[in-house]
Amino acid sequence: MPEGPSIVILKELIEELQITGQQVLEVSGNTKIDKERMLNQPVRAFRSWGKHFLICFDDFSLRIHFLLFGSYRINERKESIPRLSLRFQTAEINFYACSVQFIEGDINQFYDWTADVMSETWDPARALEKLYCLPDALACDVLLDQNIFAGVGNIIKNEVLFRIRLHPLSTMQEIPRELLMLLVEEARNYSFDFLEWKKAYTLKAHWLAHTKKICPRCDIPFEKAHLGKTNRRSFYCNNCQIRYTGA
DNA sequence: AAGGATGTTGCCTG
DNA sequence: TCAGGCAACATCCT
């Protein structure tokens, strides 16, 4: 559920309902935020930024983050109590086990859309600049940095590093410029592959590294370790993923 | 079938 | 003072 492409799928499903402009007729759920303020407010837009799903009203927006376990149902309900349920004239949206919060004022002041790998306004040059500002940072950490690659999660991280044959413990300052540009490029490319495979229910079948035990290029065992400041699972091949490091 | 994970926040400790 | 550790969230897969 939680990586950027999955949020794009949610946004597309909700846009198909064509309820933009409709008012919220009823709110419920076990969230502690002041959900009643959405009552009778017309929705101006449904948007996404990285792993955030955004419902924009006139003076504020609702931010939904699904974390690890969050889920949603459109015109359906689960057994469990929703964190937040929004009823419109022609549709009902239910969110479960997610983080919800309000963002006040103009959403464009709050989000840098060019940092979202799924965005039309994604700016690879700016991402590259950010990487040059982090000479000691590790490849496995920067890909998960939402200020640089909003939407990239642990699956995309592992698959991108494998695809470009870069060892997760490589540092920014040691990676050749061409390869760093490829890192930026593939963070977006793989995210769109992820989107298509997820829509076709074939995402897992396309994993080459994530959760895998054997390198499909070398036929030798993958390394599995929790690496970097982020300390997230990394699956990588010590043979074909090159480690660029000063040490 | 227990344990960990596609993630982030916030509190506690040293 | 602040970085690091870890619980919390609550579901699904292995």
Side-chain angles (χ1 to χ4, degrees), chain A residues 1-11 13 29-33 35 48-54 61-73 76-85 94-103 110-112 115-118 134 136-163 168 186-214 221-236:
Chain A
M1 179 64 236
E3 299 196 33
S6 298
I7 305 304
V8 169
I9 290 171
L10 167 59
K11 189 185 72 170
L13 286 173
N30 60 15
T31 177
K32 289 173 187 160
I33 65 169
K35 56 187 183 293
S48 66
W49 180 88
K51 301 165 189 171
H52 300 192
F53 179 61
L54 304 163
S61 297
L62 179 74
R63 189 206 83 170
I64 296 168
H65 197 303
F66 292 93
L67 302 171
L68 217 47
F69 314 123
S71 62
Y72 61 86
R73 291 291 185 275
E76 282 179 23
R77 295 179 185 186
K78 297 177 70 170
E79 295 274 329
S80 55
I81 297 169
R83 176 66 29 83
L84 181 68
S85 174
N94 298 303
F95 300 101
Y96 303 87
C98 52
S99 160
V100 294
Q101 68 181 58
F102 289 120
I103 294 168
F110 193 88
Y111 284 106
D112 173 12
D116 177 3
V117 296
M118 302 304 291
L134 299 169
D136 297 318
L138 302 175
C140 61
D141 284 333
V142 297
L143 277 166
L144 294 174
D145 187 332
Q146 299 300 293
N147 291 313
I148 306 174
F149 299 106
V152 169
N154 207 36
I155 297 171
I156 297 174
K157 175 199 81 178
N158 281 320
E159 294 297 322
V160 166
L161 291 175
F162 180 74
R163 192 179 259 196
E186 286 303 324
R188 178 172 167 93
N189 278 349
Y190 186 85
S191 294
F192 278 91
D193 288 342
F194 183 122
L195 175 65
E196 293 312 308
W197 292 331
K198 180 98 182 171
K199 283 178 177 176
Y201 305 101
T202 60
L203 178 63
K204 269 189 199 179
H206 282 91
W207 288 350
L208 298 177
H210 193 252
T211 73
K212 297 297 178 181
K213 293 195 161 49
I214 306 286
F222 266 129
E223 302 297 322
K224 174 188 169 185
H226 288 75
L227 301 180
K229 287 181 183 171
T230 47
N231 201 35
R232 303 290 303 279
R233 283 198 304 175
S234 289
F235 300 84
Y236 55 101

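To find a chain, count down the sequence lines: A is the first, B the second, and so on, and within it residues start at 1.
Distance check, rounded to the nearest 0.5 Å: NZ of A:K51 to CD of A:E3 gives 6.0 Å. Separating the CH2 atom in A:W207 from the CD atom in A:E159 is a distance of 8.0 Å, to the nearest 0.5 Å. To the nearest 0.5 Å, atoms NZ (A:K198) and CG (A:D193) are separated by 15.0 Å. Expressed to the nearest 0.5 Å, how far CG of A:L227 lies from OG of A:S234 amounts to 4.0 Å.
Atom CH2 of A:W197 is separated from atom C1' of B:dT6 by 16 Å (rounded to the nearest Å). Remark: P of B:dG4 and NZ of A:K224 are 9 Å apart, rounded to the nearest angstrom. Atoms CG (A:N154) and P (B:dT8) sit 10 Å apart, rounded to a whole Å. Residue A:L144 contributes atom CG, which lies 7 Å from atom P of B:dG7 at whole-angstrom precision. Distance A:K212 NZ to B:dA5 P: 17 Å, rounded to the nearest Å.
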query: How does each nucleotide of nucleotides 9-14 of chain B score, in 5' to 3' order, for protein heavy atoms under 4.0 Å: base (B), sugar-phosphate only (S), or none (-)?
result: ------
message: Base contacts versus sugar-phosphate-only contacts with protein, heavy atoms under 4.0 Å: please encode nucleotides 9-14 of chain C as B, S and - from 5' to 3'.
response: BBBSSS
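When the side chain to side chain contact (heavy atoms under 4.5 Å, CB included) test is applied to A:N30, the partners found at least two apart in sequence or on another chain are A:I81, A:R83. Annotation: side chain to side chain contact (heavy atoms under 4.5 Å, CB included) contacts of A:R63 (sequence neighbours excluded): A:H52, A:L54, A:H65, A:S99, A:Q101, A:I103, A:Y111.
Here the closest heavy-atom approach between residue A:S191 and residue A:V152 is recorded as OG-CG2, 4.3 Å. Summarising the geometry of A:A187 relative to A:V160, their closest heavy-atom pair is CA-CG2, 4.0 Å, with the distance given to 0.1 Å. Contact record, A:K78 with A:S71: NZ-OG, 3.0 Å, taken as the closest heavy-atom pair.
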query: What pattern of brackets, bars and dots sums up DNA chain C from 5' to 3', given Watson-Crick or G-U wobble pairs under 3.5 Å, [ ] for crossing pairs and | for another strand?
result: .||||||||.||||
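Here the side chain of A:N158 pairs a donor or acceptor atom with the backbone of A:F235 at under 3.5 angstrom. Under the 3.5 Å distance criterion, the side-chain polar atoms of A:N94 are matched with a main-chain donor or acceptor of A:E76. A donor-acceptor pair is defined here as one N or O able to donate and one able to accept, closer than 3.5 Å; such a pair exists between the side chain of A:K157 and the backbone of A:R233.
When the P atom is used for both B:dG4 and C:dC6, the distance is 13 Å, rounded to whole Å.
An OP1 or OP2 oxygen of B:dT6 is reached within less than 4.0 angstrom by a side-chain nitrogen or oxygen of A:H210. Residue A:K51 has no polar side-chain atom (N or O) positioned under 4.0 Å from OP1 or OP2 of B:dT6.
Contacts between residues 225-234 of chain A and DNA chain B, defined by a heavy-atom separation below 4.0 Å, involve A:H226, A:R232, A:R233, listed by number.
Remark: aromatic rings of A:F162 and A:F222 are close, center separation under 6.0 Å.
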